[in-house]
Amino acid sequence: MQEQCLSRDNLYMLPTRHGFIFSLVLLAMLLVAVNYSNSLAYMMTFTLFSTVLVSMLYTHRNLHGLCLTYGESKPVFAGELLSYSLVLKNGTQRDRFDIGIDIKGDKSRRCDFSAHETLKIECTTRVQHRGWHTLPAVQVNTRFPIGLLFSWSKPAQLEKKSLVYPKPSSWQDFPVRYSENSMTQIQSRRNNDDFSGLRQYRKGDSPQRIDWKTYARGKGLHSKEFTGGEMPLMVFRWNDTAGEKEQRISLLTRWVIEAAAQGIRFGMELPGKKVLPSNNEKQASKCLTLLALM
Amino acid sequence: MVSLFKRFHISNAEELQPDRQALYALMLALCLAISPHLMRLPVWFAALAFIVFLWRYLIINRKAHQPGPVLRFLGVITLIYMLHKHYGTLLGRDAGVAMLIALTMLKFLELKTLRDYMLVVFLCMFIILTSFLYSQALWLGIYLFAVVIVLFSVMMYLNHGSRDHLLAMLKRSASMLMLGLPVAALLFVLFPRLQGGLFGLPGDSHSGLTGMSDTMKPGTINELNLSEKVAFRVDFSSPVPVANQRYWRGLVLEEYDHGLWKERRFKKTAVSELKYSLKDVVEYTVLQEASNKKWVFALDMPVLKPDNLEWGPGRSLRAARGLRERLQQSLKSVSQYYYEDISDDTLAKNLDVSSVSGERVISLAGELYRQSGSDKNYISTILAYYRNNAFFYSLQPPMLDEHPVEDFMLNTRKGYCEHYASSFTMMMRLAGIPARVIVGYQGGEWNEQGDYMIVRQSDAHAWSEVWLDEEGWVRVDPTAAVAPERIEYGLDAIRQLVAEGKEPGSLSDEKIKIMLQMSLLANTLKGVTMFWDGVNTRWYKWVIGFGKENQSFLLKWLGFQQANWRDMVILLVILMSIVVSLQALLLFHRRKIFDPAIVQYQKFCNRLQGIGIVKFKHEGPRAFADRIIKLRPDLKTPVSLVTNTFIELRYAGNTGTFQQRKLAQAVRSFHPKRNR
């Protein structure tokens with residue numbers, strides 16, 4: 001159930017504490033009316049009673065037809081704040097008042113919203129474990145209109161899951177290995193745009209790379225050399241890591257993040273799963289998802 | 001319950017911060033609740049209200065603290081002391097209501113949570129209810145509904161997070177009340193009513209009721225005679241008797257003790273039958289005001305005794321208890337009757353002259369009786385004696401000495417109905433004719449607006465009843481001999497005559513009628529008061545007077561012969577469920593959109609379906625049109641005409657009648673044929 005639409009099946013109602021007190025007051029009124037055989041007292045008692053009875057319909061209607069669903073949320077790494085949004089759709093042409101929204105583990109909120117409005121409630125929660133994080137159960141309630149009756153919806157697990165990537169470990173060097181096509185050693189540097197030195201200008205070098213300062217000193221044309229410029233290819237293997245499972249996953253996560261940040265073409269080999277090397281945008285999330293669900 | 005609440009983590013009432021707007025709302029509620037009681041409360045309540053409101057105001061502005069428990073306790077004790085000093089008791093209706101109001105006001109000093117605020121609103125509702133114990137007038141009934149609307153709005157206001165929809169809240173609570181009314185009416189009509197109360201009523205519940213006294217002493221000023229208060233109202237279902245036949249029999253006074261007429265101690269014996277002819281029977285319903293007395297006034301002479309009443313002495317009717325509420329009673333009477341109810345005991349009582357003193361009056365009676373010869377003639381002689389000896393009708397008669405009958409007959413000769421009835425009855429007895437005094441009302445004013453008769457306290461009257469061997473008990477009204485206007489036109493006519501310096505009995509009928517004609521303004525005013533009285537009477541008759549009797553009558557009419565408690569509850573629950581379900585249907589019904597453009601477009605689609613082109617659900621009108629044109633290039637013109645017009649109407653906001661007509665025309669002339 002991705003969306004919970006409120007109807008008779010999942011709405012409940014009970015008197016509030018005020019409602020119980022009020023019913024005692026009504027009883028006292030009825031006793032006075034009976035004892036004094038007082039028609040106006042009867043009339044007032046019955047009018048109050050019937051109005052509260054009708055207010056039940058108002059209370060029910062205030063929640064009836066409301067649809068709850070979770071909006072899309074972006075994956076985060078374990079230990080970070082997951083932000084998600086609850087969407088309340090008002091499917092009818094009625095204004096709704098004083099709706100309390102309780103998201104389990106979050107503070108409760110109260111709000112009004114008008115006809116055909118869609119209400120988006122932004123929430124955050126700190127997630128600790130990698131994998132699918134089930135978003136909390138939601139319950140809406142109302143004491144509208146007069147606070148004597150309390151209607152609430154059956155707390156619904158909206159079967160909405162948000163992915164949590166593993167927590168990356170602290171930095172460790174990429175596995176030392178030759179990339180498969182160029183056989184040049186991968187320089188284990190953090191940033192791909194690090195300046196690594198000057199060399200003689202060759203035809204075809206980009207004018208932006210020419211070190212004009214050296215040229216100005218009359219030492220001829222030199223080109224600046226950067227480490228990241230070579231687009232190496234890497235494959236992270238499960239066997240490259242050691243230690244406990246979580247640690248290994250964390251390390252792989254770190255490598256994937258770094259590789260993606262440096263724009264390196266990379267692939268991944270996990271027990272039973274293999275991701276072919278690529279440097280397109282989805283590669284990182286593909287790998288991280290695999291790691292998160294391991 | 002707690003586990004249930006925990007399971008669904010139901011949020012509890014939040015603390016309400018001292019809030020000026022909420023306080024204003026509560027103050028409004030309290031003012032509305034107290035205002036019907038205002039005239040009855042001790043004056044120092046004003047001071048109490050002022051202190052409480054001021055203190056509360058200071059608390060809100062953080063210039064004062066809520067009173068601590070010691071101070072609150074002292075406050076309550078002081079209040080109880082003051083109330084006890086004022087009322088002499090803490091029990092009973094008056095003191096109880098005052099206490100409720102005072103404690104509600106004190107509650108203002110300790111408003112903390114929403115629950116406290118709500119409790120004050122509930123107490124206000126109760127205070128309003130208590131005001132009905134004093135009066136059930138029509139305006140209070142209207143007031144009730146207004147106040148309930150406001151109090152529900154106050155509750156909404158207190159419960160609602162945002163506070164800027166005041167008018168909407170009033171509107172909503174009004175519509176809630178409207179929706180509630182059918183159920184309330186059902187409950188009012190069908191809720192099983194009890195006869196009499198549950199616990200008995202406090203002693204002060206019916207103070208301030210006035211009714212006719214059970215003794216009569218001519219010469220003592222009777223304040224009732226001057227009061228315009230309504231004694232009872234009468235609804236006639238047969239033709240209304242003429243004024244001089246409208247004698248409302250109340251009490252029969254047979255014992256005379258030195259100027260004081262009393263009712264005989266009555267032994268409940270079988271009451272002898274009345275002989276009458278059926279065509280004379282007058283049927284009517286008396287709606288008698290609460291008087292705290294037992295007497296029930298019936299047109300002279302009641303034919304039957306209703307089950308809930310009893311016979312009093314001399315065929316008078318009375319209730320089992322003093323009338324603390326209005327009594328609605330159907331009765332039958334006859335004006336021509338033969339009433340023969342005489343026993344030795346009665347005879348002796350009605351001939352008793354032991355306490356009549358004065359030689360002169362006794363010899364006068366003997367003298368006149370000898371002159372007349374017969375009982376019947378003697379009656380005429382006495383009436384003539386009144387007429388011919390300068391007796392005057394006066395509401396301010398001189399005091400009578402220790403021989404009241406003699407003094408009146410021979411000296412003062414000024415008095416009102418009681419003097420005449422008393423002296424006439426004694427004159428009869430002195431001559432050996434059994435006679436007694438009847439008190440009740442005479443006359444009544446017809447209300448054109450409501451088609452019923454109003455009998456006021458000022459219509460109170462006394463007359464005589466004389467036993468004649470051949471005719472039984474016969475009514476004789478000696479006042480009529482002196483002041484016929486009293487009988488024909490009521491006490492008002494007498495007053496007006498006196499005000500103009502004329503003697504009662506001195507003017508012809510024509511002249512009295514001219515005299516009694518009122519100015520246009522007075523007439524209009526009278527019309528308005530009569531109209532108002534009519535509305536009020538219906539209110540009492542149908543709403544306030546609704547009780548067990550009407551209920552069983554209604555149930556019988558509905559087909560429940562012997563409706564018991566259980567049947568009524570079942571009937572009530574069934575009807576209530578039906579009503580509430582209908583209301584739910586009304587409330588939850590989703591309004592369908594009746595855009596004529598959509599109706600036309602639907603027709604267009606149906607025709608296309610007829611030739612095998614079906615619009616997909618996801619397809620917009622434009623895409624559909626493109627697809628049709630691709631399939632059937634020959635339909636291009638009409639299809640694009642319909643589609644474009646429809647789109648203009650629906651989405652371009654171009655909703656003129658011209659466009660509507662254009663679309664209708666285009667659809668009407670669109671008759672696609674199947675491709676071969």
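Throughout, protein chains are lettered first and strands after them, A, B, ... in sequence-line order, and every chain is numbered starting at 1. Since this is a predicted model, take the numbers as computed values, not measurements.
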Minimum heavy-atom distance B:Asn159-A:Arg110, with the two atoms named: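 Heavy atoms only, the tightest pair is O-NH2, 3.5 Å.
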Decide yes or no for [X] and [Y]: does some side-chain heavy atom of the first lie under 4.5 Å from some side-chain heavy atom of the second?
X	Y	result
A:Ser37	B:Arg193	no
A:Tyr42	B:Val543	no
A:Met56	B:Val580	no
A:Met43	B:Phe145	yes
A:His18	B:Met155	no
A:Phe144	B:Met156	no
A:Leu26	B:Met125	no
A:Phe97	B:Arg172	yes

Using 0.5 Å steps for rounding, measure from the [atom1] atom of [X] to the [atom2] atom of [Y].
X	Y	atom1	atom2	answer
B:Leu179	A:Ser55	CG	OG	11.0 Å
A:Leu40	B:Ser135	CG	OG	8.0 Å
A:Tyr58	B:Ser175	OH	OG	3.5 Å
B:Leu181	A:Thr51	CG	OG1	7.0 Å

Does any backbone or side-chain atom of [X] lie under 4.5 Å from a heavy atom of chain A? Answer side chain, backbone, both or neither.
X	result
B:Ala137	backbone
B:Met118	side chain
B:Leu144	side chain
B:Leu123	neither
B:Met178	neither

Top of A:Asn38, A:Val25, A:Val32 for chain B proximity - count of heavy-atom pairs under 4.5 angstrom: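 The candidate making the most pairs under 4.5 Å is A:Asn38.
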Atom NZ of B:Lys107 with >12 non-hydrogen neighbours under 6.0 angstrom: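 More than 12 heavy atoms, drawn from other residues, nucleotides or ligands, come within 6.0 Å of this atom.
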Flag if over 12 foreign heavy atoms under 6.0 Å of CD, A:Glu244: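 Not more than 12 within 6.0 Å, no.
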Below 4.5 Å from any heavy atom of chain B, which atoms of [X] appear? Answer side chain, backbone, both or neither.
X	result
A:Phe49	side chain
A:Leu53	side chain
A:Leu30	side chain
A:Ala33	neither

Contacts of type side chain to side chain contact (heavy atoms under 4.5 Å, CB included), residue B:Ile142, not counting sequence neighbours: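 By the side chain to side chain contact (heavy atoms under 4.5 Å, CB included) rule, B:Ile142 matches B:Leu138.
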Sequence-distant partners of A:Asn10, side chain to side chain contact (heavy atoms under 4.5 Å, CB included), two or more places apart: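 Counting only residues at least two positions away or on another chain, A:Asn10 forms a side chain to side chain contact (heavy atoms under 4.5 Å, CB included) with A:Gln4, A:Leu6, A:Ser7, A:Lys154.
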Ring geometry between B:Phe188 and A:Phe46 (parallel below 30°, tilted from 30 to 60°, perpendicular above 60°):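 Plane angle over 60°, so perpendicular.
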Parallel, tilted or perpendicular: rings of B:Phe588 and A:His64 (30°, 60°):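 Perpendicular, since the angle between the ring planes exceeds 60°.
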Donor-acceptor pair, distance only, cut-off 3.5 Å: does the side chain of [X] make one with the backbone of [Y]?
X	Y	value
A:Thr47	B:Ala184	no
B:Gln136	A:Ser39	yes
A:Arg61	B:Leu587	yes
A:Ser50	B:Val183	no

